Chemist: 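Sharing a structure with you now.
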Amino acid sequence: MSLELAIFVIVGAIAVASALLMVISRNAVHSALWLILNFACIAFFYLTLGATFMALAQITVYAGAIMVLFLFVIMMIGPQRLPEPEAPIRWQTPVTVFLAVVLGTVFLIVAFAAILSGQVTVPGALHDVPTQAYGSGESIGSVLFNAYLLPFEMVSVVLLVAMIGAVVFTRNGTHSTGAE
Amino acid sequence: MDQSAVNIGLYVILSGVLFTIGIVGVLVRRSAIMIFMAIELMLNSANLALVAFARQHGGVDGQIIAFLVMVIAAAEVAVGLTIIVAVFRRIKTVDVDKLHSLKG
């Protein structure tokens, strides 16, 4: 087993374990922290794939901004007021796990079939990226602002709408609780 | 098979496993915030597959799509958490089973 594969297996095990702990953790704050660890592992995988800009965006946007927002809301509501309620359907969890295992098996079959058929291959070692600037902010930016200019503008409008929507929602919530 | 590097298929397998765990989280947990975090996990696993396929083809387009997914996820989190807070203010719980006002 090469060093690169060994590192992949170790970090991949950490990613899967943190995702599982995120799902089964009773405390919402613990779940958020496990999810941050999972995002860090995925940022590491972006680095091994040569996507340096994506790795930094993953850390700043996901592990930074989004998870801070999650933790902020959890703290505001209060983690002690977020107990996991009893499931009204008793057989829901076993059935869900069974169906998830079926789905995961389908994923694995597809991925292994693709590997065995040679459609996905070993792209070369980490130092062997297609070009020197592959995945850098410069290459991402030049493609983003030329070929993907329209999606970029649409996404910026979506962000603006989300921002205004968040402001409007909180204003309405304050108003209705104040009227009660 | 060259043993000196990691096959892209392994990234796809990892992405599928993480996606499956995210689906389990969405279906099993009852707290709206936990369901939301599991959705973020699923978005991230899809992003990992996109970046892996971009590496496979040597292009940068997959990374840009993953970047756009990231931006949309940020917008979704902003609106979704606001909705959760508004719901919590009104009915004092984030249990999704209690949200049955629209039940026919």
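Here is how names work: the chains are called A, B, and so on, in the same order as the sequence lines, proteins then strands, and each is numbered from 1. The model shown is predicted, which means the values in this text are computed figures rather than measured ones.
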Chemist: Using a cut-off of under 4.5 Å for heavy-atom pairs, which of B:N47, B:V17, B:L68 has the most such pairs with chain A?
Modeler: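 Sorted descending by pairs with chain A, the first entry is B:N47.
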Chemist: Write out, in numerical order, the residues from residues 156-163 of chain A with a heavy atom short of 4.5 Å from a heavy atom in chain B.
Modeler: A:V158, A:L159, A:A162
Chemist: I'd like to know if A:V68 and A:W34 are part of one continuous hydrophobic network [Ile/Leu/Val/Met/Phe/Trp/Tyr, side-chain heavy atoms within less than 4.5 Å].
Modeler: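 Each belongs to a different hydrophobic cluster.
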Chemist: In the structure I gave you, are the side-chain heavy atoms of A:I140 and B:Q63 within less than 4.5 Å of one another anywhere?
Modeler: yes
Chemist: Got A:R26 and B:M34 here, is their nearest side-chain heavy-atom distance under 4.5 Å?
Modeler: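 Answer no - side chains too far apart.
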Chemist: With ILVMFWY side chains joined below 4.5 Å, transitively, what does A:L150's cluster contain besides itself?
Modeler: A:M154
Chemist: Report yes if the side chains of B:L27 and A:V97 come closer than 4.5 Å at any heavy-atom pair, otherwise no.
Modeler: no
Chemist: Grab the two heavy atoms, one from A:A100 and one from B:V24, that are nearest each other, plus how far apart they are.
Modeler: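 So the minimum-distance heavy-atom pair works out to CB-CG2, 3.1 Å.
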Chemist: In Å, rounded to the nearest 0.5 Å, how long is the span from CD1 of A:I66 to CE of B:M37?
Modeler: 12.5 Å
Chemist: Counting heavy-atom pairs under 4.5 Å to chain B, which of A:Y148, A:F45, A:F107, A:Y62 comes out on top?
Modeler: A:Y62
Chemist: If every non-hydrogen atom of A:M22 is compared with every non-hydrogen atom of B:L41, which pair is closest and at what distance?
Modeler: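 Taking A:M22 first and B:L41 second, the nearest heavy atoms are CE-CD2, 3.8 Å.
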Chemist: Under a single-linkage definition using a 4.5 Å side-chain heavy-atom cutoff for Ile, Leu, Val, Met, Phe, Trp and Tyr, are A:F70 and A:M76 assigned to the same hydrophobic cluster?
Modeler: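 Yes, same cluster.
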Chemist: Side chain from CB out, backbone as N, CA, C, O: work out which of these in A:A147 comes under 4.5 Å of a heavy atom of chain B, or both, or neither.
Modeler: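 A:A147 has no heavy atom closer than 4.5 Å to chain B.
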Chemist: Would a single hydrophobic cluster contain both A:L21 and A:I10, if residues Ile, Leu, Val, Met, Phe, Trp and Tyr are joined by side-chain heavy-atom contacts under 4.5 Å?
Modeler: yes
Chemist: One pair to check against side-chain contact (heavy atoms from CB on, under 4.5 Å): A:F72 and B:L81. What are the steps and the verdict?
Modeler: CA-CA 10 Å; A:F72 184 72; B:L81 284 178; over 6 Å; no
Chemist: At a heavy-atom separation under 4.5 Å, does B:L48 approach chain A through its side chain, its backbone, both, or neither?
Modeler: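 B:L48 touches chain A through backbone and side-chain heavy atoms alike.
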Chemist: Heavy-atom cut-off 4.5 Å, strictly under: side chain, backbone, both or neither for B:I72 against chain A?
Modeler: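 Side chain of B:I72 only, per the 4.5 Å heavy-atom cut-off to chain A.
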Chemist: Find the distance between OG (B:S31) and CD1 (A:I77) and round it off to the nearest 0.5 Å.
Modeler: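 If we round to the nearest 0.5 Å, B:S31:OG and A:I77:CD1 are 8.0 Å apart.
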Chemist: Output yes when a side-chain donor or acceptor of B:R55 lies under 3.5 Å from a complementary backbone atom of A:G50, and no otherwise.
Modeler: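 Judged by distance alone, no pair lies under 3.5 Å.
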Chemist: Compile the donor-acceptor pairs under 3.5 Å between side chains in residues 52-60 of chain A and protein atoms, sequence neighbours left out, one pair per line.
Modeler:
from	atom 1	to	atom 2	distance (Å)
A:T52	OG1	A:G135	O	3.1
A:Q58	NE2	A:F39	O	3.4
A:Q58	NE2	B:N44	OD1	2.7
A:T60	OG1	A:L56	O	2.9
A:T60	OG1	A:A57	O	3.3

Chemist: Any side-chain heavy atom of B:V12 within less than 4.5 Å of one from A:I115?
Modeler: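 No, too far: nothing below the 4.5 Å cut-off.
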Chemist: Could you walk me through whether A:Q92 and B:V28 pass side-chain contact (heavy atoms from CB on, under 4.5 Å), step by step?
Modeler: CA-CA 7 Å; A:Q92 187 174 0; B:V28 168; over 6 Å; no
Chemist: Between chain B and each of A:L69, A:V101, A:L103, count heavy-atom pairs under 4.5 Å; write down the option with the most.
Modeler: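 Top count of heavy-atom pairs under 4.5 Å with chain B: A:L69.
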Chemist: Chain A heavy atoms under 4.5 Å from B:I21: which part of the residue, side chain, backbone, both or neither?
Modeler: both
Chemist: Quick check on A:L108 against chain B: is it the side chain, the backbone, both or neither that has a heavy atom closer than 4.5 Å?
Modeler: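 For A:L108, the contact with chain B is made by the side chain alone.
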Chemist: Measure B:A32 against the heavy atoms of chain A and call it side chain, backbone, both or neither at under 4.5 Å.
Modeler: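 Neither the backbone nor the side chain of B:A32 comes within 4.5 Å of chain A.
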Chemist: Which atoms form the tightest heavy-atom contact between A:G104 and B:T20, and what is the distance?
Modeler: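 In this case the closest contact between A:G104 and B:T20 is CA-OG1, 3.6 Å.
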Chemist: Highest number of heavy-atom pairs under 4.5 Å with chain B: which of A:V61, A:V95, A:V155, A:V106?
Modeler: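 So the answer, after comparing A:V61, A:V95, A:V155, A:V106, is A:V155.
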Chemist: Would you say that more than 12 heavy atoms from the other residues, nucleotides or ligands in this model lie under 6.0 Å from the CD of A:E153, or not?
Modeler: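 Enclosed.
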Chemist: Is A:L33 linked to A:M75 within one hydrophobic cluster, defined over Ile, Leu, Val, Met, Phe, Trp and Tyr using a side-chain heavy-atom separation of less than 4.5 Å?
Modeler: yes
Chemist: Are A:F145 and B:V71 connected in a single hydrophobic cluster, I mean Ile/Leu/Val/Met/Phe/Trp/Tyr linked by side-chain heavy atoms less than 4.5 Å apart?
Modeler: yes
Chemist: What I'd like to find out is whether the side chain of B:I8 reaches to under 4.5 Å of the side chain of A:L49, using heavy atoms alone.
Modeler: yes
Chemist: Based on non-hydrogen pairs under 4.5 Å, which of A:G165, A:G12, A:A15, A:S31 is most in contact with chain B?
Modeler: A:S31
Chemist: Given the options B:L10, B:I83, B:V85, B:I23, which has more heavy-atom pairs under 4.5 Å with chain A than any of the others?
Modeler: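 That would be B:L10.
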Chemist: What pairs with A:N27 under side chain to side chain donor-acceptor pair (under 3.5 Å), at least two apart in sequence or on another chain?
Modeler: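 Partners of A:N27 by the side chain to side chain donor-acceptor pair (under 3.5 Å) criterion come out as none, since no residue qualifies.
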Chemist: Does some side-chain heavy atom of B:Y11 sit less than 4.5 Å from a side-chain heavy atom of A:T48?
Modeler: yes
Chemist: Find out whether B:L18 and A:N38 are in side-chain contact, i.e. whether some heavy atom of one side chain is under 4.5 Å from a heavy atom of the other.
Modeler: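 B:L18 vs A:N38: side chains touch.
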Chemist: Non-hydrogen atoms of chain B under 4.5 Å away: do they reach the side chain of A:V16, the backbone, both or neither?
Modeler: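 Both backbone and side chain of A:V16 come within 4.5 Å of chain B.
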